[in-house]
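Each remark here refers to the structure printed beneath this line.
Computed from a predicted model, the values in this text were never measured in an experiment. Indexing begins at 1, ligand by ligand and atom by atom, following the structure's order. Position 1 is the first residue of the sequence; numbering continues from there.
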Amino acid sequence: MERRHFLHRAGLVGAGFTILPSGFLRGQNAPSNKLNIALIGAHGRGLAHWDSLAGENLVALCDVHDGHLALALERFPKAKTYKDWRRCLDHPGLDAVVICTTDHTHAFIANWAMNRNLHVYCEKPLAITVEEARLVRAKWLTKRDKLATQVGMQRHALPNFNRVSELIRDGAIGDLKSVSAWGNRQIRRQGYFPAAGSPPAGFDYDLWLGPSPEHPYNPAYFAGKPGMNCLEWNMFWDFGCGQIGDMGSHTMDLVWNAIDAKVPTSISAKGETFNPDVTPVECESHFDHPANEWRGPIRVSWYQGGVMPRSPKPFIDLEKISHGAIFKGSRGFLIADFESRMIIPFGDDADLGYYKRRGKGELLPDVGPFQKQWFDACRDPGRSTACDFGYSADMIEQMLLGLVAYRVGAKIEYNSETGTITNHESANQYLRKSYRDGWSMEG
Ligand SMILES: NC(=O)c1ccc[n+]([C@@H]2O[C@H](COP(=O)([O-])OP(=O)(O)OC[C@H]3O[C@@H](n4cnc5c(N)ncnc54)[C@H](O)[C@@H]3O)[C@@H](O)[C@H]2O)c1
């Protein structure tokens, strides 16, 4: 029996036991130590995972499109194929799943997978409603000792993420007061596409819709290049959450890694006129977070679609940074994109004398290859991952609360214990959505 399976079936992983039967202490890359993995969403973004998955046992491929399955089978000819992820999750002997499907299925597949005690790597965004984020986190909390999870915010492995975090926590801009992140992607749509033709042979459109309400087929939802096709459907309320979940996941991650925040207590947002079909392009959301042990209360903001925070100096054009963040402290600013950062101390004669730089040996350790970090944690659930479902669910819950405040057009007060909006009864309906008959987050 495969080592990890043995430990799990014996109930030893996560229970503080380290009893290894003789002969089980094999090298990290010994064939018997490979993980049995299912790739759900076999093409598109799935392609980006093929190389790293080739080092494990890719035993199952799942895709709603036969043509995509056929392409993946060329690379993984021994894998069994599935069209319905619900069947795929019951593939015998599975250890883990990688989820690269549409955003409106992420929380479902992740939750069902954790119900089967499978390790999960899920592409971003982890959820498209506040309720989905909360359900996934609640499930993860009951399994965190034995399951490795990671959300596909792979930029997190760039060393700049840790450098920014060190500068903020070490006081390079004094006491942190506020931080704004932004993304300038702008893809405009009027509404769901009208019915046009029939799905091509081999493509199960009904399964593609999955839990979402019915919308007629139109090839425009599938006109994008592999790995970019999400930009054809992720702005529609029933299929995604727009740029808040798309580049917002990556860019807020740069902030989230540095600020040590949980879920906000109050939220306000404003943007373009509400469209019942399409999430906003132009929008700004503001989140108030309470103090923690190392900083006071802070305001976190997210700007998208061309709306921008103010630059601290006329000679700094933030619009030159397509996705970035600006931290404001009591003694200066820190501006960052994914790969670099700059500090602007207040005052022309600022000397940074208040700040003590970390020594080389005190730097935060590199994340290393992002997928590998998850594989390693699957083999040894005692190891942590940078973007586990706790970290990532908190972050996306915050972002999705921005969309709720945008929809009600008012400042909302949020009780993160109960997951309810306390000052605006009718706003609570936007924390969740209804699904098609026969689909449930639990299964
Ligand atoms: N981490 C990143 O940098 C990054 C980059 C690109 C995309 N993504 C994410 O990856 C996901 C997929 O994006 P994409 O552009 O590849 O989209 P896509 O429309 O091309 O779909 C990806 C694959 O999943 C299949 N699929 C869709 N729904 C399915 C279902 N219910 N069951 C099984 N297979 C299904 C499709 O047929 C396709 O082969 C999105 O959530 C997107 O946000 C992440």
Considering only heavy atoms from C-beta outward, does the side chain of Leu147 approach that of Phe389 to under 4.5 Å? no
Can an N or O of Cys230 be found at a distance shorter than 3.5 Å from an N or O of ligand 1? yes
Quick one: is the NZ or CZ of Lys433 closer than 6.0 Å to the six-membered ring centre of Tyr435, and within 45° of its axis? no
4.0 Å heavy-atom contact, Gly210 with ligand 1: no
List the steps, then state whether side chain to side chain contact (heavy atoms under 4.5 Å, CB included) holds for Leu207 with Arg86. CA-CA 10 Å; Leu207 267 185; Arg86 294 167 296 186; 3.8 Å; yes
Quick check: Glu123 and ligand 1, any N/O pair under 3.5 Å apart? yes
N/O separation below 3.5 Å, Thr105 to ligand 1: no
Would you check whether Arg155 has a nitrogen or oxygen atom less than 3.5 angstrom from a nitrogen or oxygen atom of ligand 1? no
Can you check whether Gly152 has an N/O within less than 3.5 Å of an N/O in ligand 1? yes
Does Val64 come within less than 4.0 Å of ligand 1, judged by its heavy atoms? yes
Per-atom contacts of ligand 1 with Leu207, taking only distances under 4.0 Å to non-hydrogen atoms: 31 (N)
Non-hydrogen atom of Gly227 closer than 4.0 Å to ligand 1: yes
Compare Asp204, Asp103, Asp63 and give the one whose heavy atom is closest to atom 41 (O) of ligand 1. Asp103
Where does the angle between the aromatic ring planes of His289 and Phe287 fall among parallel (under 30°), tilted (30 to 60°) and perpendicular (over 60°)? tilted
For Tyr205 and Phe203, take the angle between the two ring planes, folded into 0 to 90°, and tell me which bin it lands in: parallel under 30, tilted 30 to 60, perpendicular over 60. perpendicular
Heavy-atom contact under 4.0 Å between Phe203 and ligand 1? no
In ligand 1, the atoms that come under 4.0 Å of a heavy atom of Trp208 are 27 (C), 28 (N)
Side chains of His323 and Gln243: donor-acceptor distance under 3.5 Å anywhere? no
When every non-hydrogen atom of Trp237 is compared with those of Val278, the smallest separation belongs to NE1-O, 3.2 Å
Logged contact type for His250 with ligand 1, heavy-atom cut-off 4.0 Å, is side chain
When you compare the side chains of Asn162 and Ser165, does any donor N or O come within less than 3.5 Å of an acceptor on the partner? no
Can a non-hydrogen atom of His106 be found less than 4.0 Å from any atom of ligand 1? yes
Is it the case that the side chains of Gln373 and Asp376 hold a donor-acceptor pair, with the cut-off being a distance below 3.5 Å and no angle test? no
Among all protein non-hydrogen atoms, which one is nearest to atom 24 (O) of ligand 1, and what is the separation to 0.1 Å? Gly41 CA, 3.3 Å
Polar atom proximity, His68 to ligand 1 (N or O, under 3.5 Å): yes
